[in-house]
Peer 1: 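Quick one: this structure, given as structure tokens, is what I'll be asking you about.
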Amino acid sequence: MGYNFKEVMSRPNRFTQGHRLCAGCGAGIAVGNVLRMVRQEDHAVVGNATGCLEVSSYMYPFTSYTDSYIHNAFENAGATMGGVETAYNKLKRDGKVKGEYKFITFGGDGGTYDIGLQSLSGAVERGHDFTYVCYDNGAYMNTGIQRSSATPMYADTTTTPAGSKSDGKLQPRKDLSLVMVAHNVPYVAQTTFVQNFKDLHIKAEKAIYTKGPAFLNIMAPCPRGWRYNTEDIMQVCKMAVETCYWPLYEVVNGTWILTYEPKKKLPIEDFLRTQGRFKHMFKKGNEHLIVEFQRETDKRWKDLLKRCEG
């Protein structure tokens, strides 16, 4: 599969202007770049679980999508798109619909890691031919920055506030990409905004054009919840990758492939310092929090390398 950045970026936008996402929001960047990988001759049906993306890109009867769009409830994005894909197959067999359609669902970590997990799990187990994209911003941002199971350990949120009585969220984040691999789906990948979007573009195209269910987990920073300057989003993503907090890999029919390995793995502090939600970890007396975060990151990185080796 060839890749040409200029050609990709010259394609018409399927996620257009007019949305109300915050400046520096990762969700819109993720959606726009994923939808660029739908071939121009193909159509798409876009599903969207309730969340930041939905409330900011859709106000009935208007959306920011040039393709067909469905807003569904927080908990049933996977089931909704599974039903649409099934109906399409029947209509196509009956000769009532022409052209090729790709089915793509977007959900935040609240609607994917947590509330919508049962629906997503059922849809991929049934083998529906669709791509589920999680824009992972690490909390329930739409309703006030409450912790989710995707929230990193020790992050400061409104339901896990850091202070004299609390160190923030105490639990490590759920590894949803690993959970999806356990479903034996044909394609699972983890990516973010690095390499001039090349990694994201390539994986999005693979996901969309893989026969059967595919899952794409994109780290999509939130300036309000993570507390970084809007112009620093690419640096935040870079540090997540270079510290191995958010490694880049794909799993193709059960085979683990590391798609990027840092030449020199940076200390986790380089990622944590980019965001205000971790500033309490750098206060005197909290050095052990950084040590524990580094230990968890190193363990997951080591486990990933073993899987990719064998």
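Along the sequence shown, the residues carry numbers beginning at 1.
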Peer 1: Phe293 and side-chain contact (heavy atoms from CB on, under 4.5 Å): which partner among Leu289, Thr297, Ile290?
Peer 2: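 With Phe293 as partner, side-chain contact (heavy atoms from CB on, under 4.5 Å) holds for just one option, Thr297.
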Peer 1: Measure the shortest side-chain to side-chain distance between Thr105 and Thr80 over non-hydrogen atoms and say whether it is less than 4.5 angstrom.
Peer 2: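 Not touching, per the 4.5 Å side-chain cut-off.
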Peer 1: Does any non-hydrogen side-chain atom of Phe193 lie less than 4.5 Å from one of Val241?
Peer 2: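 No; the side chains remain at least 4.5 Å from each other.
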Peer 1: Are Lys306 and Glu309 ion-paired here, with the side-chain N under 4.0 Å from a carboxylate O?
Peer 2: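 Glu309 and Lys306: not salt-bridged.
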Peer 1: Before you tell me yes or no, could you show the steps for Met153 and Arg173 under side chain to side chain contact (heavy atoms under 4.5 Å, CB included), namely the whole-Å CA-CA distance, both residues' side-chain angles and the distance that decides it to 0.1 Å?
Peer 2: CA-CA 6 Å; Met153 184 166 55; Arg173 61 182 298 277; over 6 Å; no
Peer 1: One thing to verify: whether Arg14 and Asp67 come together as a salt bridge, which I'm taking to mean a side-chain N less than 4.0 angstrom from a carboxylate O.
Peer 2: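 Here Asp67 pairs with Arg14 in a salt bridge, since their nearest N and O are under 4.0 Å apart.
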Peer 1: Going by heavy atoms in the side chains, are Ser177 and Asp175 under 4.5 Å from each other?
Peer 2: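 A side-chain contact exists here, since the closest heavy-atom pair is under 4.5 Å.
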Peer 1: Given salt bridge (Lys or Arg N to Asp or Glu O under 4.0 Å), test Asp109 with Lys174 step by step and report yes or no.
Peer 2: CA-CA 10 Å; Asp109 48 280; Lys174 181 191 293 183; over 6 Å; no
Peer 1: Return yes if some donor-acceptor pair links the side-chain N/O of Asn137 with the main-chain N/O of Gly26 below 3.5 Å, else return no.
Peer 2: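 No; judged by distance alone, with no hydrogens or angles, the pair does not exist.
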Peer 1: Test your reading of the model: is there a side-chain donor-acceptor pair from Ser10 to the backbone of Glu7, 3.5 Å cut-off?
Peer 2: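 Side chain of Ser10 to backbone of Glu7, a donor-acceptor pair under 3.5 Å: yes, one is there.
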Peer 1: So does Ala207 get a backbone contact from the side chain of Thr131, meaning a donor-acceptor N/O pair under 3.5 Å?
Peer 2: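 Checked: pair present.
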Peer 1: According to the interplanar angle, ranging from 0 to 90°, do the rings of Tyr245 and Phe271 count as parallel (below 30°), tilted (30 to 60°) or perpendicular (above 60°)?
Peer 2: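 It falls in the parallel class, under 30°.
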Peer 1: Okay, side chain of Asn33, backbone of Ile29: is any donor-acceptor separation there less than 3.5 Å?
Peer 2: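 Indeed, once roles are kept as given, a pair shorter than 3.5 Å links the two residues.
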Peer 1: Give the C-alpha distance, both sets of side-chain angles, the deciding distance and a yes or no for ring-ring contact (aromatic ring centres under 6.0 Å, His included) between Tyr154 and Phe278.
Peer 2: CA-CA 7 Å; Tyr154 303 132; Phe278 296 121; 8.9 Å; no
Peer 1: Please test Tyr260 against Glu242 for side chain to side chain donor-acceptor pair (under 3.5 Å), starting from the C-alpha separation and ending with a verdict.
Peer 2: CA-CA 9 Å; Tyr260 177 77; Glu242 296 295 335; 2.5 Å; yes
Peer 1: Show your working on salt bridge (Lys or Arg N to Asp or Glu O under 4.0 Å) between Lys102 and Asp42 and close with a plain yes or no.
Peer 2: CA-CA 7 Å; Lys102 297 300 174 182; Asp42 293 339; 5.5 Å; no
Peer 1: So how far is it from Leu176 CG to Asp136 CG, rounded to the nearest 0.5 Å?
Peer 2: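 These two atoms lie 8.0 Å from each other.
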Peer 1: Are the side chains of Asp156 and Pro161 in contact, using a 4.5 Å heavy-atom criterion?
Peer 2: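 Yes, close enough: below the 4.5 Å cut-off.
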Peer 1: Within a strict 4.5 Å, meaning less than it, do heavy atoms of the Ile104 and Val38 side chains meet?
Peer 2: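 Contact flag for Ile104/Val38 side chains = yes.
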Peer 1: Name the orientation class of the two ring planes belonging to Trp226 and Tyr228 (parallel below 30°, tilted from 30 to 60°, perpendicular beyond 60°).
Peer 2: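 Perpendicular: the ring planes of Trp226 and Tyr228 meet at over 60°.
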Peer 1: For the residue pair Leu178 and Arg307, establish whether any side-chain heavy-atom pair is separated by less than 4.5 Å.
Peer 2: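 The answer is yes, as the side chains (C-beta and beyond) meet within the 4.5 Å cut-off.
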Peer 1: Let me see the working for Lys90 and Asp94 under salt bridge (Lys or Arg N to Asp or Glu O under 4.0 Å), right down to the final yes or no.
Peer 2: CA-CA 6 Å; Lys90 176 63 167 64; Asp94 293 346; 2.4 Å; yes
Peer 1: Hey, is CE on Met59 packed in by over 12 heavy atoms from elsewhere, all under 6.0 Å?
Peer 2: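 Atom CE in Met59 is not packed in, count stays at 12 or less.
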Peer 1: Of Tyr88, Phe130, Tyr209, which meets ring pair (Phe, Tyr, Trp, His ring centres under 6.0 Å) against Phe103?
Peer 2: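 Answer after filtering Tyr88, Phe130, Tyr209: Tyr88.
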Peer 1: Determine, stepwise, if the pair Gln146 / Thr143 fulfils side chain to side chain donor-acceptor pair (under 3.5 Å).
Peer 2: CA-CA 7 Å; Gln146 297 91 357; Thr143 51; 2.8 Å; yes
Peer 1: Taking atom NZ as the centre, does Lys279 end up with more than 12 heavy-atom neighbours from other residues, nucleotides or ligands that are less than 6.0 angstrom away?
Peer 2: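 No, not enclosed.
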Peer 1: Which label fits Phe215 and Tyr132: parallel for a plane angle under 30°, tilted from 30 to 60°, or perpendicular past 60°?
Peer 2: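 Rings of Phe215 and Tyr132: parallel, under 30°.
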Peer 1: For the pair Lys169 (side chain) and Thr151 (backbone), establish whether a donor and an acceptor sit closer than 3.5 Å, ignoring hydrogens and angles.
Peer 2: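 Yes, Lys169 side chain to Thr151 backbone: donor-acceptor pair under 3.5 Å.
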Peer 1: Any chance you could measure Leu216, atom CG, to Glu250, atom CD, to the nearest 0.5 Å?
Peer 2: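 Interatomic distance, Leu216 CG to Glu250 CD, rounded to 0.5 Å: 10.0 Å.
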Peer 1: Checking Ser119 against Asn76 for the side chain to side chain donor-acceptor pair (under 3.5 Å) test, could you report, in this order, the C-alpha distance in whole Å, the side-chain angles of both residues, the deciding distance, and whether it holds?
Peer 2: CA-CA 5 Å; Ser119 175; Asn76 64 346; over 6 Å; no
Peer 1: Count the heavy atoms of every other residue, nucleotide or ligand shown that sit under 6.0 Å from CZ of Arg224, and state whether that count exceeds 12.
Peer 2: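 Atom CZ in Arg224 is not crowded, with 12 or fewer foreign heavy atoms closer than 6.0 Å.
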Peer 1: Donor-acceptor pair, Arg20 side chain versus Val55 backbone, under 3.5 Å?
Peer 2: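 Confirmed, Arg20 side chain pairs with Val55 backbone.
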Peer 1: Do Ile115 and Tyr140 have side chains that get closer than 4.5 Å, going by heavy atoms?
Peer 2: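 Ile115 reaches Tyr140 side chain to side chain.
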